[in-house]
Amino acid sequence: MASGRPSNRKVLLLPGDGIGPEIMGEVLRIVDFFETRNLARFEVSEDLVGGAAFDKFGVPLTQETLERALESDAVLFGSVGGPKWEALPFALRPERGLLRLRKELDLFANLRPAVVFEALADASSLKHDLVAGLDLLIVRELTGGVYFGEPRGIETLADGSRRGINTEVYSDSEIERVVRVGFELARRRSGRLTEVDKANVMESGGLWREVAERVHADYPEVALSFMYADNCAMQLVRAPKQFDVIVTSNLFGDILSDCAAMLTGSLGMLPSASLGAPDRSGRRKALYEPVHGSAPDIAGKGLANPLAAILSFAMMLRYSFDMDEEAGLVERAVKGALEKGARTADIGAPQRASLATRAMGEAVLSELRKAA
Ligand code: NAD
């Protein structure tokens, strides 16, 4: 998605709260591995976000940190939040730090892969054969649609009854930029894109289809299909391997990406990326983060699964730095570690001892050392 390989890869690391610093520690060991083997150089800087930033500066994201994020090629984000900050006013809550970053970086395309590693296929709620080898990618529009559309609110009518209102609004340019991301990704993968909407009952869905068809002319090598969102929900649990890339609105993407996530069986395994518009050189602002939160129940105990964060790092290599080969190296190292039986408690099996965060990171590094 980036054009050319930047010689200087500026990465801002924001570990955040709870298990964030623990899992990011393992990502940093992989960064070190790449550097000591001369596979790649990164200019990594680290800063505070969320509750950690609030404790030091009184806000969940300082202006300086935001500026550093805007100047970076990519942001690697851990997780934010926890009971300590729950009583704070809404504007000061740790989660506002992440929301502000997404808004200021204008990250409109949220990429949520659902990959089932063969060694973990039995952890899925679906039958082994339905999910083994699953590798799909949902692209969710992240900054528009019914979560932001006006008018919104609750109004009281003349007869005293109340009415709740939210509005699904999409301009053709908002649709086009995210649909293009879908086509670009499909072109790099198996060349199939499914646009998902409710065009049978929603005019905005009709516009999504029209725009997708128009943009398709620029990507003739990609096979474009359409599906209604309710059918897509059914198909995801009936035969998920039929999909390659799905592109859809904020609301449908929110629901369908969580549905697809559960096909993989574990929160500790799920990476994500959020991308902005390309600049003149073709580079996009981008933030990479595990899907899970700060897991206060296990924070500080060294029990967290670092694989979602490590797989988010692999997504950064692929989508911000065009380092497909190196991303594949990391992904295969995760696969190899799992095949050798490495398991943290969240993905553990009965009769199998589980590894601590650090030991799981070490298992991945040991696979990397053999492969690189
Ligand atoms: P959570 O994802 O933090 O935890 C849910 C469950 O999954 C917990 O039992 C936790 O121990 C487990 N879990 C999560 N990640 C794991 C990992 N890597 N390894 C092993 N187990 C893992 O969700 P929650 O409990 O609903 O929220 C906790 C806090 O995180 C809240 O403050 C919430 O607002 C915040 N949160 C932040 C983000 C983010 O930073 N993007 C996302 C979701 C929730």
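Ligands are counted one by one from 1 in listed order, and the atoms in each one are counted from 1 as well. In this chain, numbering begins with 1 at the start of the sequence shown.
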Asker: Using heavy atoms and a 4.0 Å limit, tell me yes or no: is Ala308 in contact with ligand 1?
Answerer: no
Asker: For atom 29 (C) of ligand 1, find the nearest protein heavy atom and state the residue, atom name and distance (0.1 Å precision).
Answerer: Ser294 OG, 3.3 Å
Asker: If we only count heavy atoms from C-beta on, is the Met315 to Pro113 side-chain gap below 4.5 Å?
Answerer: yes
Asker: Are Lys370 and Glu367 ion-paired here, with the side-chain N under 4.0 Å from a carboxylate O?
Answerer: yes
Asker: With the threshold set at 4.0 Å, does a side-chain nitrogen-carboxylate oxygen contact exist between Arg140 and Asp258?
Answerer: no
Asker: Where's the contact between Ile19 and ligand 1, heavy-atom distance under 4.0 Å: side chain, backbone, both or neither?
Answerer: side chain
Asker: As a test of the contact definition, would atom 26 (O) of ligand 1 count as having a protein heavy-atom neighbour under 4.0 Å?
Answerer: no
Asker: What is the nearest protein non-hydrogen atom to atom 18 (N) of ligand 1, stated with its residue, atom name and distance?
Answerer: Asn305 O, 3.0 Å
Asker: Provide the number and element of each atom of ligand 1 under 4.0 Å from a heavy atom of Leu267.
Answerer: 2 (O), 5 (C), 7 (O)
Asker: How far does CD of Glu43 sit from OG of Ser72, to the nearest 0.5 angstrom?
Answerer: 8.5 Å
Asker: Would you kindly say whether Thr143 and Glu141 are connected by a side-chain donor-acceptor distance under 3.5 Å?
Answerer: yes
Asker: Starting from atom 12 (C) of ligand 1, locate the nearest protein heavy atom and write down its residue, its atom name and how far away it is, to 0.1 Å.
Answerer: Ala295 CB, 4.4 Å
Asker: Is there a nitrogen or oxygen of Asp297 sitting under 3.5 Å from a nitrogen or oxygen of ligand 1?
Answerer: yes
Asker: Under 4.0 Å from a heavy atom of Leu98: which atoms of ligand 1 are those, numbered in the order shown and with their elements?
Answerer: 41 (N)
Asker: Is there a polar contact between ligand 1 and Gly82, counting only N or O atoms under 3.5 Å apart?
Answerer: yes
Asker: For ligand 1, which atoms, with element, lie under 4.0 Å from some heavy atom of Ala304?
Answerer: 19 (N)
Asker: I need the atoms of ligand 1 closer than 4.0 Å to a non-hydrogen atom of Ile298, numbered in the order shown.
Answerer: 11 (O), 20 (C), 21 (N)
Asker: Tell me, which protein residue and heavy-atom name are nearest atom 42 (C) of ligand 1, and how many Å apart are they?
Answerer: Gly293 CA, 3.5 Å
Asker: I need the nearest protein heavy-atom contact for atom 40 (O) of ligand 1: residue, atom name and distance, please.
Answerer: Val80 N, 2.9 Å
Asker: Could you list the atoms of ligand 1 found under 4.0 angstrom from a heavy atom of Gly81?
Answerer: 32 (O)
Asker: Could you find the nearest protein heavy atom to atom 14 (C) of ligand 1 and give me its residue, atom name and distance?
Answerer: His292 CB, 3.7 Å
Asker: Specify the protein heavy atom at minimum distance from atom 28 (C) of ligand 1: its residue, its atom name, and the distance to 0.1 Å.
Answerer: Pro296 CD, 3.4 Å
Asker: Do Arg177 and Phe108 meet the cation-pi criteria used here (NZ or CZ under 6.0 Å from the six-membered ring centre, within 45° of the axis)?
Answerer: yes
Asker: What's the separation between atom CG in Asp254 and atom OH in Tyr147, rounded to the nearest 0.5 Å?
Answerer: 3.5 Å
Asker: Nearest 0.5 Å please: distance from the CZ atom of Arg358 over to the CD atom of Glu362.
Answerer: 7.0 Å
Asker: Only heavy atoms count here, so choose which of Glu289, Arg93, Met360 is nearest to atom 41 (N) of ligand 1.
Answerer: Glu289
Asker: Between the side chains of Lys198 and Glu168, is the shortest nitrogen-to-carboxylate-oxygen separation below 4.0 Å, so that they form an ion pair?
Answerer: no
Asker: Which protein non-hydrogen atom lies closest to atom 31 (C) of ligand 1, naming both residue and atom, and how far is it?
Answerer: Glu95 OE2, 4.1 Å
Asker: Does some side-chain heavy atom of Tyr319 sit less than 4.5 Å from a side-chain heavy atom of Val181?
Answerer: no
Asker: In terms of side-chain geometry, is the basic nitrogen of Lys285 or Asp106 positioned less than 4.0 Å from the acidic oxygen of its partner?
Answerer: no
Asker: Looking only at distances, can you tell me whether any N or O atom of Ser79, backbone or side chain, sits closer than 3.5 Å to an N or O atom of ligand 1?
Answerer: no
Asker: With a 3.5 Å distance limit and no angle check, can you tell me whether Thr167 reaches the backbone of Val169 through a side-chain donor-acceptor pair?
Answerer: no
